[in-house]
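Following: one structure in structure tokens, then a few remarks.
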Amino acid sequence: MSGIRHFLLALQFFTRVPVTGALAEWVGFSPQMLRASAAHLPGIGWLAGGAAALVFAGVAWGLPGVAGALAAAVLSTVATVMLTGAFHEDGLADVADGLGGSASRERALEIMKDSRIGAFGAVALVLALGLKFALLAALAGRGLQAAAIAVVGAHVLSRLMPLFLIRWLPYVGDSGASKAKPLADAISPGALLIAIVWTVPAVALLLQAHDAVHVAAAVLAAMLAAGWMARLFMRRLQGFTGDGLGATQQVCELAIYLALAWKA
């Protein structure tokens, strides 16, 4: 039953799905439980990706053509943003503001704690969302099923990658105020294994709609993107923050779409 509690806590922490009342009391909370719930982040990817895929397929079916594919990409993204409360997009914007706004480690961390969005964050969001819409529209050219499966797979696989940062990098966020503080301690090998178990069926699903070369490229692209983000954080911040985890998910998701859409 602890696994179910941890998943529901991940649902409560990483999405806006209400876990309240008697259910919330049954789930409970502790920093240790929240740390363990990180293992189920790819499971949240199944929920977010499934919702996005349903919206994408439904809109693209009703609105054929390039314009319909773009509308489907936008609305499917709206669905995930509403589901997660723009949790990861906010991290991307904060990281862009912090690293773009100052060369100083201390000042960058200070900027990242500011809830206001700056020029670098706004530009990063516009470019990331624009690229996502274009890549999803390109994937729609492979067929609705292939595109929908790509959305699910990307959401699951991209949520595995930040866990490797938690495993191997030190936490450098504000330990007194950050909601990610319970995630600061290195994730256990067992928890990482649970996350991988969540992810393996998503990779198998991708293989049902995309050839093995594209799927292997997508996995490699996600790993390289996560590695690049980890190197960036170590060089500029000497570790990761909660915003860095969200930014890593976004960058990895885009890398997966790019690899799957790339013409063989």
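Heavy atoms only: backbone and side chains are in, while hydrogens, waters and symmetry mates are out.
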Quick check on the hydrophobic clustering: are [X] and [Y] connected, directly or via other members, by side-chain heavy-atom contacts under 4.5 Å?
X	Y	value
V203	L258	yes
M161	V197	no
W46	L193	no
L157	L205	yes
V81	V17	no

Give me the atom names and distance for the closest heavy-atom approach of [X] to [Y].
X	Y	answer
P42	L163	CD-CD1, 4.2 Å
A226	L165	O-CD1, 4.0 Å
Q249	S158	NE2-OG, 2.9 Å
A128	L92	CB-CD2, 3.7 Å
L144	A60	CD2-CB, 3.2 Å
A221	A259	CB-CB, 4.0 Å

With a 3.5 Å distance limit and no angle check, can you tell me whether H214 reaches the backbone of W262 through a side-chain donor-acceptor pair? yes
Taking R142 for the side chain and L260 for the main chain, is one N or O donor matched with an acceptor at less than 3.5 Å? yes
May I have the step-by-step check of side chain to side chain contact (heavy atoms under 4.5 Å, CB included) for I117 and L125, ending in yes or no? CA-CA 10 Å; I117 189 169; L125 278 179; 3.8 Å; yes
Taking the side chain as every heavy atom from C-beta outward, state whether [X] and [Y] have any atom pair closer than 4.5 Å.
X	Y	result
F233	V95	yes
F164	L169	no
L245	L41	no
V251	T248	no
M82	R16	no
I111	R107	yes
F7	I44	yes
S2	M33	no

Out of curiosity, [X] [atom1] to [Y] [atom2], how far, rounded to the nearest 0.5 Å?
X	Y	atom1	atom2	answer
L99	L237	CG	CG	5.5 Å
T77	E253	OG1	CD	7.5 Å
L9	I4	CG	CD1	13.5 Å
I149	L139	CD1	CG	11.5 Å
I256	L135	CD1	CG	11.5 Å
I166	R35	CD1	CZ	10.5 Å

Does [X] have more than 12 heavy atoms from other residues, nucleotides or ligands lying within 6.0 Å of its [atom1]?
X	atom1	answer
F133	CZ	yes
R235	CZ	yes
Q145	CD	no
M223	CE	no

For the pair H40 and H6, name the ring-plane relationship: parallel under 30°, tilted 30 to 60°, perpendicular over 60°. tilted
Report the relative orientation of the aromatic rings in Y171 and F240; use parallel for angles under 30°, tilted for 30 to 60°, perpendicular for over 60°. perpendicular
Please determine whether side chain to side chain contact (heavy atoms under 4.5 Å, CB included) holds for the pair L23 and L8, giving the CA-CA distance in whole Å, both sets of side-chain angles, and the decisive distance to 0.1 Å. CA-CA 9 Å; L23 181 60; L8 290 174; 3.9 Å; yes
Could you go through V156 and L160, starting from their C-alpha distance and side-chain angles, then the distance that decides it, and tell me whether this counts as side chain to side chain contact (heavy atoms under 4.5 Å, CB included)? CA-CA 7 Å; V156 176; L160 170 67; over 6 Å; no
Run S76 and V151 through side chain to side chain contact (heavy atoms under 4.5 Å, CB included) and show every step you take. CA-CA 9 Å; S76 67; V151 169; 5.6 Å; no
Basic-acidic side-chain contact under 4.0 Å: E110, K113: no
Among L127, L129, L131, which residue satisfies the side chain to side chain contact (heavy atoms under 4.5 Å, CB included) criterion with L254? L131
